[in-house]
Amino acid sequence: MFLAQRRLCSLESRAKFLKTIYSSKILGLPTSAKMSLKITNAKRIEGLDSNVWIEFTKLAADPSVVNLGQGLPDISPPIYVKEELSKIAAIDSLNQYTRGFGHPSLVKALSCLYEKIYQKQINPNKEILVTVGAYGSLFNTIQGLIDEGDEVIVIVPFYDCYEPMVRMAGATPVFIPLRPKPVDGKKWSSSDWTLDPQELASKFNSKTKAIILNTPHNPIGKVYTKEELQVIADLCIKYDTLCISDEVYEWLVYTGNKHVKIATFPGMWERTITIGSAGKTFSVTGWKLGWSIGPNHLIKHLQTVQQNTVYTCATPLQEALAQAFWIDIKRMDDPECYFNSLPKELEVKRDRMIHLLESLGLKPIVPDGGYFIIADVSLLDADLSDMKDSNEPYDYKFVKWMTKNKKLSAIPVSAFCNAETKLQFEKFVRFCFIKKDSTLDAAEEIIKGWNRQKS
Amino acid sequence: GSPPNGYPPLTKILASFFGKLLGQEIDPFKNVLVTVGAYGALFTAFQALVEEGDEVIIIEPFFDCYEPMTLMAGGHPVFVTLKPGLTRDGELDSSSNWQLDPTELASKFTSHTKALILNTPNNPVGKVFSKAELELVASLCQQHDVICIADEVYQWLVYDGYQHVSIASLPGMWERTLTIGSAGKTFSATGWKVGWVLGPDSLMKHLRTVHQNSIYHCPTQGQAAVAQSFEHEQLHFGQASSYFARFPQAMQRTRDHMIRSLQSVGLKPVVSQGSYFFMADISDFKSKMPDLPGDVDEPYDRRFVKWMIKTKGLVAIPVSTFYSVPHRKIFDHYIRFCFVKDESTLQAMDEKLQKWKKELRP
C-alpha cells in the first residue's frame, strides 16, 4: 500500500500525501482489531457465554425489590458454623494448603455421615472428593467422565448449568421433560410431575454415557420416589450408563416425603456419582464447598480433573465445615440437629408462600422438597405490552414486568429449559422461599397490594 | 449475590491497586476475574483460549501444571530451556545466569503458536526476568500475534534489589497479556485459594465464560478478607511498614541462612533473585555416589531426594519434575529448597546438616 501511495505521491501535493499516510485507513487496522483475527476463544465455549443469573441478578439488585429469585438464603446460617470459621482463621497451619482431594478432617466427617445413610463403608480418601461447590462437582464429573460424541440425558426443567457443561465436554444433551398429570380439583403437587417410563426408555441408546438426576428437584421441588428411581436405575443398568445424582437439597424434604439415594439401589453404587453441597446443607452458599461420593474407579477421574483445575479447595472453610458436621452428626435424631430443624423451618415458609400465591389466584405446585415453588402466572393475565423484547418467552417478560412494576423478583422457569421445551414451561415462574420472615412479610404486602389493584 | 467475576470490594481494589502498578485503566468488571487460586486462573485461561492444534510455548523448568493444563485443553506444548551460564570458580551460581537463547526462543514460534506462558519470578529457578528479557519475549509475542499468560504469583518476593517487571506494562502488551496473581503467595495464606487474572476485556470475556460454566462463584469469605488486606496494604504501600517490603526482607535473610547452611555439606545453591525457592546443584554428589537406589529410568535427582529424606531427614524437590519428559535425564542434578520457613524449621534443618557434615568426614 505504501509503495502504491508513493507512486501516486508524485501526482499529489506532499501535504496531502502526509495527511493520508497518517490516516488509519492507510496504516491499516489498529493493533487490537488486527489481533482479533487470530486470537479467538476456544471452540469448547462457543455459544456458552450467556447466563440467566447474570441478567436476573442485575435486575433484582435494586434494594427496593423483594428478591424471591436466586436461590440465596437470606436467613442466618447456624451460629456454630460461623463461630467455627472465626476460630479456625486464627490458626496458622489452617491458612495454608491442605490435601487436594479434600481436607482430612472434612472427608472423615463426610465419610462418617454418609456411611450411616448409605449403610456401607465409604473410604474418605478414595470415594470422596471435595470441590468448589456442587457446581464444581458437576464440572469435575462431566469433565472427568463425559467425552466428545457421548450423549447425556437431561431431565427438563433442569438446573441451568447441566446443558452448557455437557456441551463444553463436547457431548450432546438429550432432553426429556417432566410431564404433569391431571389433578382434577385437588392441590397440584410436585409429585404430579413425572417421567413417562416409555419415553424415558426411548432416550437411552448405546451412546448414552450418563443421565443427570436432580432430587429433590430444582425448580419443581419433586422428590423422586423409590419406584421412579427404580425405573431410572433399571435403564442405567440395562444400558451400562452412569448416573450423576445432584442431591444438594437432600435434607430439604417435607412431611410425608423421604429422600431416597439412587446409589443405594442394587447395581447402582458402581455407576453413580452423588453430589452434595455445604451451601445448601448449612445455608452458607458463599462457602462454595461441595462433594462427590462414589466408587473409586469413577472418583479417581474426578480427582484427576481436580489436580488439573483448582488443585485444592480453601482450607479454613473445609475445617470449619468439618467441625460443623461433627456437631450435627452427633445429634442426628435430635430435632435441634440442623438437618432436622431446617426442613421444619422451611416447611412453614413453604406453606406461607403457597398461601400467598393462591391468594393472588395462582395455582402453585406444592413442592415436596427443595426451597422453590413454581406457579403458572398466565392466570394473572398481566399486561406485558410494554415489555419490548418480543422474542423472549412469556415468563422472561413477566418476571421483568413484575420486578419493574411490583418490585418483586423471581426466575422464569423457561431458563431451565432447552430451546425446544421452552414453550412447554414458559408460563411458569419460580419463587424462592428460603427467606427470612421480614422478606416474606414484604412479599405479602406486595401481593396484598396487587390483589387490591386487581379488584 | 455477587457478580460471578468476583466479590465487588475485591475486584474494585484489585483494579485500582494493579491499575497503578501496570499503568493501565482497569475496570473491575471487564478486566478482573477472581479465581480459585492462581491455579484456577491458569486453568480458566487455558480452557478459554487454547484448543486442539494450538501450540503453547513453555519455558523450562516450569511449574508442573503448565504441561497437563495445555494437554487437557488439546494444545501442544513446545519447550524452550533456560540455560545456566558459566560461573567462576568459588562463586555461587545465580538465577540471573539462567537465560533464554534469543535465537532458540524465536525459533519456537510458529503460525500455530497460541500462547506463551511466562513465570516471573520463576519457580523453581527463582529467576526474575529483566526488562530487556521481557522486551524480547514481548516483541516475539507481538510479531507472531501470541497471547502471553504471565504467572506472577511471586511478584512481591524479590531480593537483592532486583525489580519485578510485569510484561503487561510494556508497550503493546496489555491487549495480549493475562496477568495472574495470588493472594496465597501475596499474604502467606496459601490455604485461602484466592487468585485473580487481569487482562483486556477481549480476552477476559472468554475466561468469564469458562468460569461461569465451571465453578461460577468463588467463596465469599476469602475474597472479603483479601479485599480488606489489600485495603490495608494500599495505605502502607511503598513504606518500610508495608508487608510487601517487610516480608521479602525477612525471606531474604532466611534464604541467605539456608544457602550458607547447605553449602556446609557440599550442596551448591543457585542464589535466587525471587520466589520462595532456590535450587542446589548436586553434581558433586552425582559423581561421588552415582548409584543411589531407585527405579531403572529414575532421574538422579529423584533418587538423591529419596536418599536424603531417608538418611538425612531433609526434604527437597527434584528439579527434573519441572522439566519435560525428554529433558529429565539431562537436568537431573538440581534439587529445589523452599526457604519460606520459620526459625524453628531453620534450627531443625541446621541440626540435621551438622549431623550430615560429621558423617562426611572420613
Side-chain angles (χ1 to χ4, degrees), chain A residues 31-32 34-46 48-51 53-54 57-58 60-61 70 72 85 89 93-98 103 131-133 135-136 139-140 143 161 164-165 167-168 284-289 304-305 307-319, chain B residues 1-4 7 35-37 39-40 43-44 46-52 54 65 68-69 71-75 111 114-115 142 144-147 172 175-176 184 187-194 200 202-203 205-206 208-210 212-225:
Chain A
T31 326
S32 52
K34 198 160 45 175
M35 182 186 85
S36 69
L37 291 174
K38 182 185 172 190
I39 296 180
T40 55
N41 54 288
K43 287 188 202 71
R44 68 178 61 83
I45 57 170
E46 194 59 41
L48 304 183
D49 50 327
S50 73
N51 186 287
W53 306 112
I54 295 174
T57 312
K58 245 197 270 187
Q70 196 179 1
L72 207 71
L85 184 60
S93 61
L94 292 174
N95 284 293
Q96 306 303 338
Y97 289 136
T98 185
H103 184 57
T131 55
V132 182
Y135 215 99
F139 183 75
N140 281 29
Q143 286 286 312
C161 78
M165 283 194 185
R167 291 195 192 281
M168 191 169 158
V284 285
T285 58
W287 285 32
K288 287 294 294 193
L289 281 176
T304 300
V305 175
Q307 78 196 28
N308 287 298
T309 52
V310 298
Y311 202 83
T312 183
C313 296
T315 315
L317 295 170
Q318 292 189 73
E319 177 64 28
Chain B
S2 285
Y7 179 62
T35 54
V36 179
Y39 214 97
F43 175 72
T44 307
F46 278 102
Q47 286 288 311
L49 301 166
V50 176
E51 59 187 341
E52 211 152 321
D54 286 344
C65 80
M69 283 191 184
L71 293 171
M72 191 170 161
S111 58
K114 192 68 164 289
Q142 286 173 70
H144 296 272
D145 197 17
V146 163
I147 300 166
E175 51 256 42
R176 60 178 66 254
F187 294 108
S188 308
T190 59
W192 287 19
K193 288 295 290 186
V194 176
S202 57
L203 297 178
K205 67 184 183 194
H206 302 310
R208 289 195 292 269
T209 302
V210 172
Q212 82 198 24
N213 286 301
S214 57
I215 58 161
Y216 198 78
H217 277 126
C218 290
T220 314
Q221 293 85 344
Q223 294 186 71

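Order of the sequence lines sets the chain letters (A, B, ...), proteins ahead of strands, with each chain counted from 1.
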Under 4.5 Å to a heavy atom of chain A? For B:Ala225 that would be neither
When the 4.5 angstrom heavy-atom criterion is applied to A:Thr98 and chain B, the contacting part is neither
On a heavy-atom basis, the closest approach of B:Lys114 and A:Ile39 is CE-CA, 4.4 Å
Interatomic distance, NZ@A:Lys43 vs CD@B:Glu51, rounded to 0.5 Å, equals 4.0 Å
Would B:Tyr216 and A:Asn51 count as a side chain to side chain contact (heavy atoms under 4.5 Å, CB included) here? Give the steps. CA-CA 10 Å; B:Tyr216 198 78; A:Asn51 186 287; 3.5 Å; yes
Heavy-atom nearest pair, A:Tyr135 first then B:Ser214, reads CD2-O, 3.2 Å
Looking only at A:Thr315, A:Asn95, A:Asp49, the option with the highest number of non-hydrogen pairs under 4.5 Å against chain B is A:Asn95
Under 4.5 Å to a heavy atom of chain B? For A:Gln143 that would be side chain
Taken in chain and number order and not counting sequence neighbours, the residues that satisfy side-chain hydrogen bond (donor to acceptor under 3.5 Å, both in side chains) with A:Thr304 are none
Checked A:Thr309, A:Val132, A:Leu48 vs chain B; the most non-hydrogen pairs under 4.5 Å come from A:Thr309
Rounded to the nearest 0.5 Å, the CD atom of A:Glu46 sits from the OG1 atom of B:Thr209 at a distance of 9.5 Å
Counting heavy-atom pairs under 4.5 angstrom with chain A, the leader among B:Phe46, B:Trp192, B:Phe187, B:Tyr39 is B:Tyr39
Bottom line for B:Tyr7: the part with an atom under 4.5 Å from chain A's heavy atoms is neither
Using side chain to side chain contact (heavy atoms under 4.5 Å, CB included), reason through B:Val210 and A:Met168 one step at a time and then give a plain yes or no. CA-CA 9 Å; B:Val210 172; A:Met168 191 169 158; 4.0 Å; yes
Among A:Thr131, A:Val284, A:Asn308, the residue with the most heavy-atom pairs under 4.5 Å to chain B is A:Asn308
Most contact-rich option vs chain A, by heavy-atom pairs under 4.5 angstrom, among B:Ala115, B:Ala73, B:Gly74, is B:Ala73
Whatever's closer than 4.5 Å to a heavy atom in chain B on A:Ile45 counts as both
Bottom line for A:Leu85: the part with an atom under 4.5 Å from chain B's heavy atoms is side chain
(message) Can you confirm whether B:Lys193 sits close enough to A:Tyr97 that some side-chain heavy atom of one is under 4.5 Å from a side-chain heavy atom of the other?
(response) yes
Given B:Gly40, B:Ala48, B:Cys65, B:Gly37, the one with more heavy-atom pairs under 4.5 angstrom with chain A than any other is B:Ala48
Checked A:Leu94, A:Val310, A:Leu317, A:Leu289 vs chain B; the most non-hydrogen pairs under 4.5 Å come from A:Val310
For A:Ala42 and B:Gln47 the tightest heavy-atom approach is CB-O, 3.5 Å
| task | Side-chain contact test, heavy atoms from C-beta onward, threshold under 4.5 Å: evaluate it for A:Thr40 versus B:His206 and give yes or no. | result | no
Heavy-atom closest pair (A:Pro316 atom, B:Gly191 atom, distance to 0.1 Å) is CD-O, 3.5 Å
Nearest heavy-atom contact between A:Gln96 and B:Thr190 is OE1-OG1, 2.6 Å
Heavy atoms, side chains only, cut-off 4.5 Å: are B:Phe43 and A:Tyr311 in contact?
-> no
Donor-acceptor contact present, side-chain A:Lys288 to main-chain B:Ile215, <3.5 Å = yes
Between B:His217 and A:Gln70 the two heavy atoms that sit nearest each other are CE1-NE2, 4.3 Å
CZ of A:Phe139 to CG of B:Asn213, rounded to nearest 0.5 Å, is 8.5 Å
Whatever's closer than 4.5 Å to a heavy atom in chain A on B:Val146 counts as both
Applying a strict 4.5 Å limit to non-hydrogen atoms, the region of B:Ser111 in contact with chain A is backbone
Check: More than 12 non-hydrogen atoms from neighbouring residues, nucleotides or ligands closer than 6.0 Å to CD on B:Glu52, yes or no?
Finding: no
Turns out that what part of A:Thr285 lies under 4.5 Å from chain B's heavy atoms comes down to neither
